[in-house]
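Positions are given from 1 along the sequence. All values below come from the heavy atoms of this structure, side chains included, with hydrogens, waters and symmetry mates left out. Keep in mind it's a predicted model, so treat the numbers as computed, not measured.
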Amino acid sequence: MRDNNMMPKGNETDDGEVGLNTTSFEQVQQQQKKLVIGYALTSKKKMSFLQPKLEVLARKKGISFVSIDQDKPLSEQGPFDVVLHKLLGNEWHDVIEDYQQKHPEVTVLDPPCAIQRIYNRQSMLQGIADINLADCDGMICVPKQMVVLKNTTSSTNEVAEAGLNFPLVAKPLLVDGTAKSHQLFLAYDRLSLAELEPPLVLQEFVNHGGVLFKVFVVGDVIKVVRRFSLPNVSNCEKEKVAGVFQFPRVSSSAASVDKTDLDPRVAELPPKPLLEGLVRELRNRLGLRLFNIDMIREHGSRDVFYVIDINYFPGYGKMPDYEQVFIDFFLSLAQAKHNKIQCVS
């Protein structure tokens, strides 16, 4: 938060007495409460995140959003209490890391080095299967997967050696913010792999009843939204169907299943203790505060879940009440900073 004196400054009169400025004590308190958030977002992200309702709620709480000019040195802008960003490229990451080192008092959401890990699907899910959540009412798994860097034709033997069973979900290796990086394909046989463009990740398809759980994380807050996903693939289909099929992005807000009459065994949300344990571990391991987890429940099971994707600063506009959640989150950052200053002083 901005540095202001605790009491309004006085003006010394001719006879040596001190008189108060015209600024009231209440006005000074309001200035002290002001929280400035500098943001560097793509135009698409800005449009989806900085909705009118969010800005209205922010103004009422003394929070202002200031656009960061990428053509000017970041250190010459501000001052900021928080820097909120989602831009790609090594150059931008270098700018943020340099700024973070020179301005440790500013909260950066989130560190580029932490974000980088989940921009690569090879490293994105590493270590998740090792998380011990035995006491959390469920089990967390990751699908078997392998990386294809160059030739998909020669990778057919490697698929067998890796123990992967068809059909396979094919995803681009890098998540670079483009629509192409979110394209998903389903390959039913070995010959169809030649149609895919590397580098990519091949992930064993897990039947999950056609429902995906998007777990949104904002600091300590967890919100879960259900989405339609791919239907189960039967053994009969596996034998008769061949080729590669592209499927639409299942995270679309139009694909909500919340008002659909589904089998409770499929639509039931993951247990709260399991989600809390998983998110706590991922926050610590990834060093992120703004992300979402895509999860599915193994068909026929009540408590076996698979993490299939992790996304940094996702489309929070699809999360219920995201505006109030973020206002509370920003205020908690300000309070934590105030408490830290009080402890030091």
Side-chain angles (χ1 to χ4, degrees), residues 1 33-41 45-46 48-51 53-66 80-87 96 100 103-119 124 128 131 133 136 140 213-225 251 269-295 307 309-343:
M1 299 178 71
K33 291 180 180 178
K34 188 165 184 175
L35 185 72
V36 180
I37 300 175
Y39 66 88
L41 307 172
K45 178 61 68 175
K46 177 184 174 182
S48 66
F49 180 73
L50 290 177
Q51 292 290 313
K53 182 179 178 181
L54 175 64
E55 295 188 293
V56 169
L57 289 174
R59 281 196 297 271
K60 289 180 179 178
K61 294 295 184 178
I63 299 172
S64 60
F65 294 99
V66 178
F80 303 119
D81 297 295
V82 177
V83 169
L84 182 69
H85 71 102
K86 190 178 183 182
L87 296 177
I96 284 290
Q100 198 169 25
H103 298 272
E105 76 283 1
V106 178
T107 301
V108 174
L109 298 171
D110 274 310
C113 58
I115 301 170
Q116 202 63 41
R117 173 178 170 179
I118 61 173
Y119 280 166
M124 178 189 291
I128 292 179
I131 297 177
L133 300 174
C136 295
I140 295 294
F213 302 103
K214 297 194 75 67
V215 183
F216 291 97
V217 179
V218 181
D220 295 328
V221 175
I222 303 170
K223 295 263 189 176
V224 187
V225 177
S251 61
L269 295 178
K272 184 178 179 181
L274 185 70
L275 291 178
E276 290 176 340
L278 175 62
V279 169
R280 182 170 57 250
E281 285 288 336
L282 287 180
R283 268 201 310 260
N284 292 336
R285 294 183 181 211
L286 298 175
L288 299 175
R289 283 178 276 192
L290 302 178
F291 62 97
N292 94 286
I293 310 162
D294 287 349
M295 293 176 61
V307 173
D309 243 332
I310 302 174
N311 303 287
Y312 172 66
F313 201 158
Y316 282 110
K318 301 165 188 173
M319 183 183 88
D321 302 318
Y322 89 94
E323 299 95 343
Q324 188 60 57
V325 170
F326 266 91
I327 294 301
D328 293 341
F329 173 60
F330 291 141
L331 292 177
S332 73
L333 295 177
Q335 186 62 50
K337 181 177 179 179
H338 174 73
N339 293 343
K340 185 176 180 181
I341 294 174
Q342 291 293 99
C343 289

First locate atom CG of D220, then atom CD of E276, and finally report the distance between them rounded to the nearest 0.5 Å. 10.0 Å
Run L84 and F313 through side chain to side chain contact (heavy atoms under 4.5 Å, CB included) and show every step you take. CA-CA 10 Å; L84 182 69; F313 201 158; 3.6 Å; yes
Closest heavy-atom pair and its distance - L41, K86: CD2-N, 3.7 Å
Can you measure from CD (Q100) to CD (E105) and round to the nearest 0.5 angstrom? 11.0 Å
For the pair K214 (side chain) and K318 (backbone), establish whether a donor and an acceptor sit closer than 3.5 Å, ignoring hydrogens and angles. no
Specify the closest pair of heavy atoms between G277 and C136, including all atoms of both residues, with the distance to one decimal. CA-SG, 4.5 Å
Closest non-hydrogen atom pair, L288 against A114: CD2-CB, 3.6 Å
Should D328 and V221 count as side-chain neighbours, where that means a heavy-atom distance under 4.5 Å? no
What one should report as the nearest heavy-atom pair of I222 and L275 is CD1-O, 4.0 Å
Test item: L109 and I37 side chains (from C-beta on) under 4.5 Å apart, heavy atoms: no
Please confirm whether the backbone N or O of M124 pairs with a side-chain atom of Y119, one donor and one acceptor, at under 3.5 Å? no
With a 4.5 Å cut-off on side-chain heavy atoms, are N292 and M319 touching? no
Could you walk me through whether V307 and L282 pass the side chain to side chain contact (heavy atoms under 4.5 Å, CB included) check? CA-CA 12 Å; V307 173; L282 287 180; 5.8 Å; no
If you apply the rule side chain to side chain contact (heavy atoms under 4.5 Å, CB included), what do you find for K61 with F330, and how did you get there? CA-CA 10 Å; K61 294 295 184 178; F330 291 141; over 6 Å; no
Please tell me if the side chains of T107 and R289 come closer than 4.5 Å, counting only heavy atoms from C-beta onward. yes
Quick one: closest heavy-atom pair of D81 and K337, and the distance? OD1-NZ, 3.7 Å
Kindly give the heavy-atom pair with the smallest separation between H85 and P112, and that separation in Å. CE1-CG, 4.4 Å
Interatomic distance, L290 atom CG to R283 atom CZ [nearest 0.5 angstrom]: 11.0 Å
Any heavy-atom pair between the side chains of Q51 and Y322 that's under 4.5 Å? yes
By the definition ring pair (Phe, Tyr, Trp, His ring centres under 6.0 Å), identify the one residue from F329, F326, F291 that meets it with Y316. F326
Centroid separation under 6.0 Å, is that true for the rings of Y39 and F49? no
Distance (rounded to the nearest 0.5 Å) between I128 CD1 and L133 CG: 10.5 Å
Flag the pair H103 / V83 as yes when at least one side-chain heavy-atom distance between them is below 4.5 Å, and no otherwise. no
Take V325 and F216 through the side chain to side chain contact (heavy atoms under 4.5 Å, CB included) test and state the conclusion after the steps. CA-CA 11 Å; V325 170; F216 291 97; over 6 Å; no
Against I118, only a single residue in L286, N311, D309 fulfils side-chain contact (heavy atoms from CB on, under 4.5 Å); can you say which? L286
